[in-house]
Amino acid sequence: MRVIATPWGELRPQVDMLPVVYLIVLYGLVWFLPFGVFEFWRKGEDGPVEWLQFLGYAGACLGAWVVVWHRRRLGFSMALLGWVALALFCFLMAGEEISWGERITGFGLETVREINAQEETNLHNIPLLQGYMHFAFIFFNLLFGYIGWRCFPRIDALPARRFSLYFLPVALFYAWFDLSWITRGDRIRNDQEAIELLMALGLFLHAWAVARRSRTLSPGP
């Protein structure tokens, strides 16, 4: 257990504190920097955070498939099915982050563009689905950050408690974002890309932490 020394005594957190450090640096330092540094960082389309999210989800997808590969000879189980589901979820998230590479390759599906709010090839900007995206982020981040390890500890595709803080702030942000509109008629500033980065990073770290352990658990040929 890591010990953090403070002027008021020692802290012994049982969770990874990197998300707290990230948020403190983001709003305690980067937010005050000149030349629009904060705006550049939180930029949505083709911004640095969007690409970092893509790399995080893509890496988590790869890590999840590594776990599936190592455990393939152990036979079917709900735990293994959970890893397949997580791999597919991360694949979907990675593709959606960059509109399936449309802005890089120029190739897309015209049928999707026609019904897309931003005229891009992705699902999350289709008006029929767009209204449910915030609810989906709240649900999945509560699942990854609390419900999973609390209620389904045998399904290790759901992140362990140590990764909780990568997900709970994302759920809190979206709940606050929508609640501010319901109660005040005006939403808070939309920093969703900068906050969502925590989710991608948390899934990446979780997947590869289990992938490294799975090498020693899989049986020999």
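The figures that follow rest on heavy atoms only: side chains count, while hydrogens, waters and symmetry mates do not. All values derive from a computational prediction rather than experimental measurement.
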Can you give me the closest heavy-atom contact between [X] and [Y], atom names plus distance?
{"X": "Leu80", "Y": "Gly75", "answer": "CD2-O, 3.7 Å"}
{"X": "Gly63", "Y": "Ala211", "answer": "O-CB, 3.9 Å"}
{"X": "Met199", "Y": "Phe167", "answer": "O-CE2, 3.6 Å"}
{"X": "Ala64", "Y": "Ala207", "answer": "N-CB, 4.0 Å"}

Taking the side chain as every heavy atom from C-beta outward, state whether [X] and [Y] have any atom pair closer than 4.5 Å.
{"X": "Ile195", "Y": "Leu23", "value": "yes"}
{"X": "Leu198", "Y": "Asn141", "value": "no"}
{"X": "Leu86", "Y": "Phe91", "value": "no"}
{"X": "Glu196", "Y": "Glu50", "value": "no"}

### Query
Take atom OH in Tyr27; do more than 12 heavy atoms of anything else shown fall under 6.0 Å from it?
yes
### Query
Salt bridge between Arg71 and Asp156, side-chain N to carboxylate O under 4.0 Å?
yes
In chain order, what residues pass the side chain to side chain donor-acceptor pair (under 3.5 Å) check against [X], with sequence neighbours excluded?
{"X": "Glu96", "answer": "Trp100, His124"}
{"X": "Trp41", "answer": "Tyr22"}
{"X": "Tyr166", "answer": "Asp16"}

Rounded to the nearest 0.5 Å, how far apart are [atom1] of [X] and [atom2] of [Y]?
{"X": "Phe163", "Y": "Leu18", "atom1": "CZ", "atom2": "CG", "result": "11.0 Å"}
{"X": "Met17", "Y": "Leu165", "atom1": "CE", "atom2": "CG", "result": "6.0 Å"}
{"X": "Leu55", "Y": "Leu197", "atom1": "CG", "atom2": "CG", "result": "10.0 Å"}
{"X": "Leu168", "Y": "Leu142", "atom1": "CG", "atom2": "CG", "result": "6.5 Å"}
{"X": "Arg161", "Y": "Gln14", "atom1": "CZ", "atom2": "CD", "result": "4.5 Å"}
{"X": "Leu158", "Y": "Leu143", "atom1": "CG", "atom2": "CG", "result": "5.0 Å"}

Does [X] share a hydrophobic cluster with [Y], counting links as ILVMFWY side-chain heavy atoms below 4.5 Å and allowing steps through other members?
{"X": "Val21", "Y": "Leu52", "value": "yes"}
{"X": "Met93", "Y": "Tyr132", "value": "no"}
{"X": "Trp83", "Y": "Phe89", "value": "yes"}
{"X": "Phe35", "Y": "Leu33", "value": "no"}
{"X": "Val49", "Y": "Val25", "value": "yes"}

### Residues clustering with Leu81 (ILVMFWY side chains joined when closer than 4.5 Å, directly or via others)
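When side chains under 4.5 Å apart are linked, the cluster holding Leu81 also contains Phe76, Met78.
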If we ignore hydrogens and angles and just use 3.5 Å, is the side chain of [X] paired with the main-chain N or O of [Y] as donor and acceptor?
{"X": "Gln53", "Y": "Glu193", "value": "yes"}
{"X": "His206", "Y": "Leu201", "value": "no"}
{"X": "Trp208", "Y": "Leu62", "value": "no"}

[X]: what forms a side chain to side chain contact (heavy atoms under 4.5 Å, CB included) with it, not counting sequence neighbours?
{"X": "Leu88", "value": "Trp65, Val84"}
{"X": "Ala85", "value": "none"}
{"X": "Ala175", "value": "Ile138"}

### Query
Between Leu203 and Cys90, does a side-chain contact (heavy atoms from CB on, under 4.5 Å) hold up when you go through it step by step?
CA-CA 8 Å; Leu203 289 175; Cys90 291; 4.0 Å; yes
### Task
Indicate the ring-plane relationship of Trp31 and Phe38, choosing parallel, tilted or perpendicular according to the 30° and 60° boundaries.
perpendicular
For [X], give me all partners under ring-ring contact (aromatic ring centres under 6.0 Å, His included), at least two apart in sequence or on another chain.
{"X": "Phe135", "result": "none"}
{"X": "Trp51", "result": "Phe54"}
{"X": "Tyr174", "result": "His134, Phe137"}

### Task
Begin with the C-alpha distance, continue with both residues' side-chain angles, and end with the deciding distance and a verdict on side-chain contact (heavy atoms from CB on, under 4.5 Å) for Phe177 and Leu172.
CA-CA 8 Å; Phe177 188 73; Leu172 177 62; over 6 Å; no
## Note on the structure
Those residues at least two apart in sequence (or on a different chain) that pass salt bridge (charged side-chain N to carboxylate O under 4.0 Å, His left out) with Asp191 are Arg42, Arg189
Report all side-chain donor-acceptor pairs from residues 144-151 shorter than 3.5 Å, counting only partners two or more places apart or in another chain.
{"residue": "Trp149", "atom": "NE1", "partner": "Gly145", "partner atom": "O", "Å": "2.8"}
{"residue": "Trp149", "atom": "NE1", "partner": "Ser164", "partner atom": "OG", "Å": "3.2"}

